[in-house]
Each structure stands twice: as structure tokens, then as C-alpha cells.
Number of protein chains: 2
Amino acid sequence: MGKAEDTKARLERAALTLFVARSVAETTTKEIAMAASVAEGTIYRYFPSKEQLALDLFLRHHQGLAEALGEAQRPAKALRAKIEAIVRCYCEWADRDWTLFAYHLLNQHSFLIQVPDGAANPVTVVRDVISQAMKAGEIPRRNVDLVAASAIGVVMQAATYKVYGRFTGDLSDHVRFFADAAWAVLAVKEK
Amino acid sequence: MGKAEDTKARLERAALTLFVARSVAETTTKEIAMAASVAEGTIYRYFPSKEQLALDLFLRHHQGLAEALGEAQRPAKALRAKIEAIVRCYCEWADRDWTLFAYHLLNQHSFLIQVPDGAANPVTVVRDVISQAMKAGEIPRRNVDLVAASAIGVVMQAATYKVYGRFTGDLSDHVRFFADAAWAVLAVKEK
DNA sequence: TATTTATAAGTGAGCAATCACTCAATTTCA
DNA sequence: TGAAATTGAGTGATTGCTCACTTATAAATA
């Protein structure tokens with residue numbers, strides 16, 4: 001790794017850690033620079049602004065995750081297998097870089113509106129899979145967005161509570177449970 | 001309503017709306033005062049600081065919701081009935097004052113650590129109900145925190161996506177589905 | 001190879017703007 | 001008239017960001 005790339009990476013990691021511990025608004029450029037062992041001015045050699053640095057970090061994870069989820073579910077045929085592939089992929093992403101994952105999780109509401117239209121999107125991947133399965137008659141037809149939200153919530157809320165420290169350990173340890181639970185949500189019978 | 005009480009209520013509502021639209025950190029005291037048709041100094045007759053105003057709003061909803069959920073589930077005997085009571089109560093709270101609800105939802109991570117120990121807590125209510133049901137053999141024994149998170153996620157993620165505008169309409173319209181889905185999550189069979 | 005030149009990377013004092021909060025003066029109203 | 005409520009210009013502290021300058025690295029030249 002070149003010197004410049006190393007500095008940029010250090011800045012990103014320092015910012016990420018602080019953004020999660022406090023928040024983007026409450027983290028100062030001075031703090032980021034200190035944590036990266038660099039002068040404040042150096043930040044602006046690599047990023048046009050603090051906000052852009054925050055957005056860059058978010059978008060990279062957001063789009064990377066979306067693509068990974070898309071590829072993970074593709075080989076599977078039936079909905080049940082697709083769900084398990086998606087859940088496993090998601091949990092592995094979370095466990096691999098928990099700080100980046102937590103940052104993405106806690107800052108969706110501030111950045112989601114800035115995601116370019118048509119860009120890869122984790123939610124759309126899940127939504128499309130569910131929509132397909134409804135058309136194929138694998139699960140009852142319902143409001144797709146509602147059902148997708150509930151199914152996603154099974155995993156995402158667990159992840160959120162891990163961020164809050166309500167429980168510990170790898171998310172990946174519970175892939176089977178998450179997949180079973182998400183499937184159960186999607187398969188709820190109409191009455 | 002007295003004049004002073006009216007001013008305080010207007011300030012709270014103005015702050016709430018702005019906190020949801022932007023965020024606490026990005027909302028200025030000047031904006032709050034303007035939105036409440038009041039001078040900036042007036043804020044400090046009713047609140048010691050902007051942060052305390054933000055915390056007051058959060059805690060009032062947090063504890064009110066916790067008590068309401070606790071009372072809602074008490075009369076019910078079986079887990080299935082308790083779940084439905086909790087879900088219905090939660091959705092009604094959300095629909096009754098959506099702005100306050102959205103504020104609570106989006107700012108959990110900043111305020112949850114400041115909740116006084118032993119104070120009424122929505123999550124604890126759900127956790128206890130699930131824990132009881134496990135002891136009674138109504139559902140399989142599992143990591144209570146994990147299972148509670150997933151069950152809660154079924155409803156909370158749907159609420160979150162409504163905040164993001166991914167779908168519209170009252171949450172209460174889907175109480176039956178949420179309750180069925182949460183139940184399905186809790187009842188997932190061990191293998 | 002040794003020396004000069006060019007470029008990239010890094011610095012930190014300082015600036016303009018903004019913010020939460022204060023308080024002396026003014027208005028409201030019983 | 002007097003206490004309570006309200007006002008908004010003012011204050012000190014903080015912030016994101018700039019920029020003239022230094023240092024490190026690489027390229028070119030003799």
C-alpha cells in the first residue's frame with residue numbers, strides 16, 4: 001500500500017470508529033485527524049468535506065452489500081434457499097467488519113435519500129426475491145413492501161440490538177434461526 | 001390551557017417536528033423558536049438546554065409506551081393473545097402521534113443509554129412475556145434476547161420503513177399480520 | 001552516482017460562520 | 001402596580017475549512 005493510500009485508509013477507519021461511538025454531527029474534524037495521527041488539513045487532501053467522507057463510507061458499504069446479496073441469492077432456486085443465502089451473506093458482512101456494519105445500520109435514515117436512483121440496494125434485492133416468490137405461488141400474495149420489511153426486521157433488529165449491546169456473539173451463529181424465522185414470516189397463512 | 005403551558009407545548013411540538021425532519025444536532029434553537037412563534041430566549045424559560053428538551057421528549061414517549069404495553073398484555077393469558085395485545089397497543093401509539101413515534105424510533109441509539117435504570121422499558125416488557133412463555137413450555141427455549149429482537153423486528157422494521165416512506169397507511173391496519181408473524185418467529189421449531 | 005528539480009503529502013495557525021445560551025429591557029395582564 | 005412572561009441583540013466558545021508553507025519522495029540530469 002502506498003503512503004497516500006495508507007493515510008486515506010487510516011482517516012476512513014478513524015472517522016468510522018468515531019462516527020459510530022458518537023455520531024457524524026458530534027464528531028469534529030480535529031478528532032478525526034487526531035485519531036488518524038494526522039493534521040486536520042490532511043483530511044481535505046483526500047475528502048472535499050466531512051459530510052462527503054461520511055457519505056463515501058456509507059455508500060461503499062451500501063452498494064457492496066447490495067451486490068453481494070444479489071449474487072448470493074442468484075444460484076438458489078426456491079425461496080427458502082434464497083432466504084438462507086441472503087441471511088448468511090448479510091450476517092457474514094456484519095461479522096467481517098462490525099464497525100462499518102454498525103455505521104451503516106445506524107445512519108440509514110440520514111443517507112438513504114442520497115443513494116443514487118437505480119443504484120444497487122440491499123432492500124430492493126430482498127423485495128424482488130419476495131415479489132418473485134409471490135408470483136410463483138410459493139407464498140401468499142400480500143403487500144410486498146410490508147412483508148419484506150417484517151422479514152428483514154427479523155435479522156436487522158437482532159443486529160441493532162447487538163449494536164446496543166443487548167446481546168453478544170457473531171450474527172452468523174444464528175443464520176439457521178434467522179432464515180427459519182424470516183421464512184415463517186413470509187409464509188404466514190391468510191385467513 | 002394556560003398561556004405558559006401553551007407556549008411550552010408549542011415549543012415541544014415545534015422541536016419534535018424539526019428533530020424528525022432534520023436531526024437533534026442539526027436543528028438550531030433559533031429554528032425551534034421560529035417554528036413555535038417565540039423568541040429564542042423563551043426556550044430557556046421552559047427547558048434548561050436543547051439536549052434536555054430532546055431527552056424529555058424521548059423519555060416521555062419511552063416510558064408512556066412501556067407502561068401502556070405492560071397494561072395491554074396483562075389481561076391476556078396465552079402468549080398468542082399477549083402478542084396480539086402488545087402489537088395492537090404499539091401500532092395504536094404509532095398511529096396516534098406519528099411524529100413523536102418516529103422521533104422515538106430514530107433516536108433510540110442516542111438516548112437509550114440515558115434511560116434511568118429500572119425505569120419502564122418497552123423492550124423489557126416484551127422480553128419478560130417471551131421469557132415466561134418459554135418457561136411455561138409454550139414456545140421452544142432459546143436465547144431470549146435474540147428471539148425477542150427478531151419478534152420485535154417484525155413490527156419495528158415495518159414502522160421504520162414507513163418512516164422512510166417505503167409504504168403508507170396506518171400500522172394498525174396490519175395488526176393481525178404482525179401478530180401472526182411475530183408468533184411464527186417465536187414458534188420456529190428447533191431442529 | 002551525486003545533485004538538482006519537480007511533485008506529492010503533510011502541517012497547523014487562523015478565518016468566517018455558526019451555535020447554544022444569557023440578560024437587561026420591554027410587554028402582558030391580573 | 002407588580003410579578004410573570006417574552007424579547008432579541010449580544011457573547012464566548014466551537015466548528016469546518018483554507019492556505020501559505022514545510023517535508024518527504026521520486027524523476028531528471030550531469
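Throughout, a chain's letter reflects where its sequence line sits, starting with A, and its residues are numbered from 1.
With contacts defined as side-chain heavy-atom distances shorter than 4.5 Å, the pair A/Val188/A/Arg142 qualifies. Proximity of B/Gln157 to A/Thr160: side-chain heavy atoms (C-beta onward) are nowhere separated by under 4.5 Å. The shortest distance between side-chain heavy atoms of A/Met156 and A/Leu105 falls below 4.5 Å.
In this structure, CD1 of B/Ile43 is placed 12 Å from C1' of C/dC19, rounded to the nearest angstrom. Note: CZ (B/Arg10) to C1' (D/dT6) measures 11 Å, nearest angstrom. One atom, NZ of A/Lys8, and another, C1' of C/dG10, lie 16 Å apart when rounded to the nearest Å.
Cluster annotation: B/Leu18 and B/Met34 are assigned to distinct hydrophobic clusters (Ile/Leu/Val/Met/Phe/Trp/Tyr, side-chain heavy-atom contacts under 4.5 Å, transitive).
Side-chain atoms of B/Glu92 and B/Ser172 include no donor-acceptor pair closer than 3.5 Å.
When heavy atoms are screened at a 4.0 angstrom cut-off, A/Tyr46 is found touching the sugar-phosphate backbone but no base atom.
Taking every side-chain heavy atom of A/Val38 into account, C/dT11 is the closest of D/dT7, D/dA5, C/dT11.
Taken residue by residue, residues 13-23 of chain A places no heavy atom nearer than 4.0 Å to DNA chain C.
Applying the salt bridge (charged side-chain N to carboxylate O under 4.0 Å, His left out) test to every pair with at least one member in residues 15-24 of chain B, sequence neighbours left out, gives these pairs: B/Arg22-B/Glu31.
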When you look at B/His61 and B/Tyr103, which way does the ring-ring contact (aromatic ring centres under 6.0 Å, His included) test go after all the steps? CA-CA 9 Å; B/His61 185 262; B/Tyr103 173 68; 8.8 Å; no
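Note: A/Tyr90 and A/Phe101 meet the aromatic proximity criterion, with ring centroids under 6.0 Å apart.
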For nucleotides 13-19 of chain D, 5' to 3', base contacts (B), sugar-phosphate-only contacts (S) and non-contacts (-) with protein non-hydrogen atoms under 4.0 Å give --SBBB-
